[in-house]
Amino acid sequence: MKIVIGNDHVAIEMKQALQAYLEEKGHTVVNTGVDAPPCDYPVIGYRGAKMVADGQADCAVLICGTGLGIGMAAAKVKGVRVCTCSEPYSARMARCHNNANVLTFGARVIGVELAKMILDAWLDAEFEGGRHARRVAMLEEIDRTGRLAAAEE
Ligand code: RB5
């Protein structure tokens with residue numbers, strides 16, 4: 001897979017460790033984060049999400065202190081579905097049910113080894129489609145139109 005990895009100044013060491021981990025697994029990794037401080041997490045979150053939305057990468061892994069700010073910025077980009085995860089179960093389900101294409105987590109919240117487990121759970125899982133496809137289509141409708149017809153019935 002082609003994976004964007006991005007981070008702010010809080011997550012430099014974690015980003016470097018995870019980039020090496022993903023490359024060892026055979027993925028092509030594009031580093032859009034910083035390797036020297038400081039920076040503003042919205043810039044990194046927007047940039048990574050935009051690359052996924054524009055089809056320049058299959059998915060993005062974005063890391064700040066909590067995973068929250070960078071995830072909020074990413075979620076404002078149309079065409080992405082962002083999950084912020086601190087454990088592998090949610091990461092797996094975010095792919096199986098929500099077809100999430102952007103994963104965020106916090107370098108001040110979890111360690112590198114747990115981050116690897118979360119990454120594996122997310123990347124190894126597959127979207128289940130079926131009833132979940134209908135729900136993901138609703139998310140896309142909100143993205144596209146700013147409304148959801150099913151909620152207005
Ligand atoms: C930076 O201090 C911190 O605010 C940032 O890494 C992130 O946690 C924001 O959500």
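Just follow the structure's listing: the first ligand is 1, and inside any ligand the first atom is 1. All of these numbers come straight from a predicted model, not from anything done at the bench. What you see below is based on every heavy atom in this structure, not just the backbone, and it leaves out hydrogens, waters and symmetry mates.
Near G65, with a cut-off below 4.0 Å to any heavy atom, the atoms of ligand 1 are 5 (C), 6 (O), 7 (C), 8 (O). Within ligand 1, counting atoms from 1 as listed, the ones closer than 4.0 Å to a heavy atom of C64 are 6 (O), 7 (C), 8 (O), 9 (C), 10 (O). For ligand 1, the atoms lying closer than 4.0 Å to a non-hydrogen atom of R108 are 2 (O). Per-residue contacts place G69 under 4.0 angstrom from the following atoms of ligand 1 (heavy atoms of the residue considered): 10 (O).
Under a 4.0 Å N-O distance rule, the pair E140/R81 qualifies as a salt bridge. Salt bridge present: E113 and K116 bring a charged side-chain N and a carboxylate O closer than 4.0 Å.
Within the 4.5 Å cutoff, the side chain of Y41 has no heavy atoms near those of the N7 side chain. With a 4.5 Å cut-off on side-chain heavy atoms, M51 and V30 count as touching.
By the criterion of a heavy-atom distance under 4.0 Å, the side chain of D8, and not its backbone, is placed next to ligand 1.
Judged by distance alone, with hydrogens and angles left aside, the side-chain atoms of N31 form a donor-acceptor pair with the main-chain N or O of G33 at under 3.5 Å.
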key: Y46 and D40: CA distance, side-chain angles, deciding distance, side chain to side chain donor-acceptor pair (under 3.5 Å) verdict   = CA-CA 11 Å; Y46 173 82; D40 297 318; over 6 Å; no
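Residue M72 places no heavy atom under 4.0 Å from ligand 1.
Of all heavy-atom pairs spanning H9 and P37, the tightest one is CB-CB, 3.6 Å.
The protein non-hydrogen atom at the shortest distance from atom 4 (O) of ligand 1 is Y41 CE2, 4.3 Å. Protein heavy atom at the shortest distance from atom 1 (C) of ligand 1 is V10 CG2, 3.8 Å.
The shortest N or O to N or O distance between H9 and ligand 1 is not below 3.5 Å.
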